[in-house]
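Before any comments, here is the structure.
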Amino acid sequence: MELLEADTDIIANTADIVAALRAIVPDGVVSDSAGLAAFDGDALTAYRQKPLVTVLPRDAEQVAAVLAYAHAHGVPVIPRGAGTSLSGGSLPRADAILLSLTRMSRIKEIDYDNRCVVTEPGVTNLSITRAVEGRGFYYAPDPSSQIACTVGGNVAENSGGLHCLKYGLTTNNLLGVEIILVDGTRLRLGGKAPGARGLDLLGVVAGSEGLLGVVVEATLRILPKPPVTRTLLAAFDTVPAAGQCVADIIAAGIVPAAMEFMDRRCVDAVEAHCAPGYPKADGGVLIIDADGIQAEVDHAIAAIADIARRNGAEVREAHEETERARLWSGRKAAFPAMGRLAPDMLCMDGTIPRRMLPAVLERMSAMSDEYKLGFCNVFHAGDGNLHPLIIFDVMKPGELDRAEAFGAAILRLCVEVGGVLTGEHGVGVEKRDLMPDMFSDLDLAQQQRLKCAFDAERLLNPGKVFPTLSACVESGHMHVKDGRIPFPNLPRF
Amino acid sequence: MPTHIASNEDEIVDAVMTAREWRSPLEIVAGGSKRNYGRAVTTMGSVLDVSALSGIIAYEPEELILTAAPGTPLAEIEAALAQKNQRLGFEPGDWGPLLGEPAGLATIGGAICADTNGSARVKFGAARDHLLGFRAVNGFGEAFKAGGKVVKNVTGFDLPKLVCGSFGTLCVLSEVTLRVFPKPPLSTTLIVRGVEPEEGFTLLRKLWSSPLDATGLAFSRGNALIRFEGDKDPLAEKCAAARTLIGARDVIETPEGEVAFRALGRGEVFVDEPFDVWRAIIPPAAAAQLASEIDSPLWLADWAGALFWIATLPGSDAVRDAAARAGGYATLVRADEETRERIAVFEPEDAARAALTKRVKDAFDPMGIFNPGRMWDGV
Ligand SMILES: Cc1cc2nc3c(=O)[nH]c(=O)nc-3n(C[C@H](O)[C@H](O)[C@H](O)COP(=O)(O)OP(=O)(O)OC[C@H]3O[C@@H](n4cnc5c(N)ncnc54)[C@H](O)[C@@H]3O)c2cc1C
């Protein structure tokens with residue numbers, strides 16, 4: 001992947017920029033090389049780049065002042081939460097301020113009457129649930145990185161989790177934000193009252209990967225915790241049988257709380273790693289959770305078990321909590337298990353129409369031979385979100401390039417079968433150059449015009465999401481005053 | 001007014017290019033059921049009739065996805081889904097009769113652009129939570145697409161959210177892809193009778209905060225209405241648990257509640273009344289306060305108290321202030337044209353927000369061709 005060239009004029013001004021930032025956040029500027037090494041990338045580990053300077057504001061006012069300064073001086077800004085982005089969303093630049101939001105880590109308000117939590121952006125995802133679980137509530141979006149990743153990062157990436165088939169992504173659980181535009185303007189979008197006042201700008205800020213504004217506060221919906229969760233595991237001889245089982249469950253009107261598929265390669269890897277004791281499964285396994293009230297869960301689990309058996313699966317049901325944890329342990333260990341097989345790993349993230357699963361897995365096996373790299377698949381089967389894990393070794397010449405080419409080929413395949421480039425990890429730098437495979441020039445131009453409406457100088461997170469940076473142009477306006485066009489009595493047709 | 005009829009995307013492009021050339025705006029109309037919702041559009045241009053862009057393009061029940069032309073009647077989509085025991089989660093209603101038009105004109109594109117979601121919103125979200133992707137023509141005369149045709153997608157900006165509730169001010173839709181949901185086999189409604197608003201709203205929020213997953217939580221004239229859906233046994237368990245939460249009160253249980261919820265989502269009680277109609281949206285815990293402040297001959301609440309439908313004497317804007325005091329906002333859904341001109345239909349925006357709204361509008365339609373003035377001056 002080519003990274004954008006840094007602007008040497010900005011770098012030449014480092015001392016001034018550092019001094020200006022110190023004046024705004026006296027105790028929160030990191031500018032020494034050793035200190036900056038801690039901020040040299042995110043979870044797309046193949047890419048490393050130290051920022052020009054890192055600033056760690058404590059409140060919204062400081063964020064606004066940092067942005068106003070950067071805007072006035074034309075310095076790019078990269079917002080950063082915990083740096084767990086898998087797509088290089090928070091990858092720094094040598095000519096940009098890294099704006100770390102992690103010191104804004106206070107939950108401001110828990111409002112049980114309105115079932116929401118108002119929080120600063122640097123709060124971790126899991127601490128929202130921790131803060132409200134005593135009263136029987138939780139925050140539904142649960143990315144696997146939830147101990148580390150921040151609410152600001154979740155909003156920017158519109159993150160999902162195991163439970164988003166039933167409970168939605170971040171955007172569906174987000175009531176409002178306060179954002180700061182690049183010129184320092186503070187804006188509230190949404191709030192405790194549901195819905196948009198006017199255009200749904202909150203809807204586009206969610207998932208905007210730090211390109212539209214900096215989130216300094218979020219209002220999140222909390223849900224009452226379902227009293228009962230039951231889990232079953234179904235092992236299949238063939239992938240099509242597993243695929244059919246998923247289709248049948250959906251067609252039966254059941255919405256499981258989670259429905260995860262692991263292919264044979266993944267099952268083999270986790271068995272070698274932590275031995276969860278899955279049955280033999282040449283086609284892979286499905287792990288399914290149903291949650292709700294007792295009768296609802298019993299009904300769903302009975303129906304799911306029946307459907308799985310009819311599709312030829314060997315079914316195991318967890319009858320107690322330890323067994324449930326054991327069934328899930330294999331899925332949760334997929335990452336580390338693959339990580340043991342090679343020093344580096346790329347976690348891909350495309351979505352496909354569910355029915356394409358067998359065909360896609362077959363094509364991926366062929367690609368694995370072609371690129372001579374190992375991989376396995378975990379799949380959020382309910383919503384068609386595929387996570388191929390490609391293993392490689394950066395130290396071996398050519399392997400990173402091959403891994404990226406393999407990954408790109410997988411994502412192109414996702415688009416080819418009617419799917420999309422990313423289901424939950426975002427475009428970042430990782431998939432930036434693949435955007436034209438999914439979107440036409442006109443599609444991308446429309447998105448870039450929206451970017452221009454928020455950030456005409458394109459100072460926020462440049463080099464991410466869009467393969468080319470076209471300048472924001474003023475377009476010819478027809479002047480309409482008070483809703484009336486000029487010279488209304490002139491005939492126009 | 002001259003009318004262009006577009007029956008496919010290319011014809012929309014042609015109409016927009018002509019409008020650009022003549023610098024003459026377009027009022028976009030499909031079924032016409034909500035033409036009187038929003039401010040009156042500048043009348044000097046032409047009507048762009050997109051009702052001929054109609055029909056279901058692809059429906060894959062097992063993928064929980066439906067793609068349709070935006071002019072497809074809502075009723076046609078609902079019928080196709082019902083055949084496969086599915087439905088639209090946001091329960092859009094036909095607002096035609098409420099707005100003085102015949103029933104049956106409402107289209108899926110109109111429901112999306114006007115964001116008409118019903119009682120189930122409390123559980124399943126609004127139109128914006130269900131529109132996965134679309135194709136459209138912008139004010140440059142360019143056909144483009146956004147979003148995708150799978151249920152989970154974060155590729156690029158989420159323009160589908162922006163289109164929901166945009167009242168045709170950004171682009172002309174030519175295709176929409178929606179997420180659909182299984183339709184539970186049974187529905188039942190508990191009606192708690194003879195409760196004061198304060199008590200009723202406390203009760204509704206208690207149920208909303210329980211794991212019983214009610215799909216309707218409304219308050220109407222001294223009755224709290226609680227809808228549950230599901231299979232037989234789960235439904236029985238939910239009703240029993242709800243009764244425990246409700247306590248010793250006058251409760252009846254009826255499968256007919258469905259009719260009441262449908263009527264609620266369409267504002268049916270207001271149809272023949274001589275009043276203006278507002279919708280106020282507030283944090284639900286402020287419902288009792290709002291109920292005590294409004295001076296209204298007829299009002300109802302939904303979404304556990306977050307939504308109020310309020311009738312007022314013609315020309316009054318008292319609801320807007322009351323909603324603001326309750327921490328929310330209000331939209332004037334029905335009033336005569338003069339009133340809609342005088343009282344902002346949509347919540348007025350402060351300078352910073354209005355400037356951003358205008359820039360977003362310009363990003364799609366810089367010449368102001370689409371529905372000019374429908375939402376605010378210039379938008
Ligand atoms: C092991 C592992 C498992 C993961 N599992 C999942 C998963 O299950 N589901 C999933 O969806 N993702 C998953 N992820 C990806 C990642 O955790 C999410 O994308 C997460 O939301 C990123 O949060 P962060 O705080 O680390 O943000 P960062 O990585 O710091 O930033 C991510 C993006 O958000 C922007 N940003 C951050 N904060 C703000 C702010 N306040 N305002 C504006 N923009 C901001 C950044 O500029 C960047 O573009 C996983 C990652 C890892 C490493």
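In what follows, chains are A, B, ... by sequence order, proteins preceding strands, each numbered from 1. Values in this document were obtained by computation on a predicted structure and should not be read as measured data.
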Q) Could you give the distance from NZ (Lys123(B)) to CG (Leu223(A)), rounded to the nearest 0.5 Å? A)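 Rounded to the nearest 0.5 Å, the NZ-CG separation comes to 7.5 Å.
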Checking [X] against chain A: side chain, backbone, both or neither under 4.5 Å from a heavy atom?
| X | answer |
| --- | --- |
| Glu60(B) | side chain |
| Phe181(B) | neither |
| Arg353(B) | both |
| Pro284(B) | both |
| Glu349(B) | side chain |
| Ser166(B) | both |
| Trp208(B) | both |
| Ala143(B) | backbone |
| Phe346(B) | neither |
| Ala126(B) | neither |
| Asp231(B) | side chain |

Any idea which of [options] has the most non-hydrogen atom pairs under 4.5 angstrom with chain B?
| options | answer |
| --- | --- |
| Glu209(A), Gln294(A), Lys431(A), Met435(A) | Gln294(A) |
| Thr422(A), Val204(A), Leu421(A), Leu442(A) | Thr422(A) |
| Val427(A), Asn158(A), Leu199(A) | Leu199(A) |
| Leu212(A), Val415(A), Val255(A), Leu181(A) | Leu212(A) |
| His299(A), Glu157(A), His380(A) | His299(A) |

Sidechain-backbone polar pair: [X] side chain, [Y] backbone, donor-acceptor under 3.5 Å:
| X | Y | value |
| --- | --- | --- |
| Glu347(B) | Arg197(A) | no |
| Asn114(A) | Ala285(B) | yes |
| Gln446(A) | Ala363(B) | yes |

Electrostatic pair [X]-[Y], nearest N-O below 4.0 angstrom:
| X | Y | value |
| --- | --- | --- |
| Lys145(B) | Asp443(A) | yes |
| Glu296(A) | Lys238(B) | yes |
| Arg355(A) | Glu62(B) | no |

Where is the tightest heavy-atom contact between [X] and [Y], given as atom of each residue plus distance?
| X | Y | result |
| --- | --- | --- |
| Pro224(A) | Ser210(B) | CG-O, 3.2 Å |
| Phe454(A) | Leu356(B) | CE2-CD2, 3.7 Å |
| Arg179(B) | Leu165(A) | NH2-O, 2.9 Å |
| Tyr329(B) | Gly195(A) | OH-C, 3.1 Å |
| Thr351(A) | Lys152(B) | OG1-O, 2.9 Å |

Q. Regarding Arg205(B) and the six-membered ring of Tyr112(A), is the cationic atom NZ or CZ under 6.0 Å from the ring centre and inside 45° of its axis?
A.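 No cation-pi geometry.
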Q. With side chains defined as the heavy atoms from C-beta onward, is the minimum distance between Phe157(B) and Ser208(A) less than 4.5 Å?
A.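 SC-SC contact between Phe157(B) and Ser208(A) confirmed.
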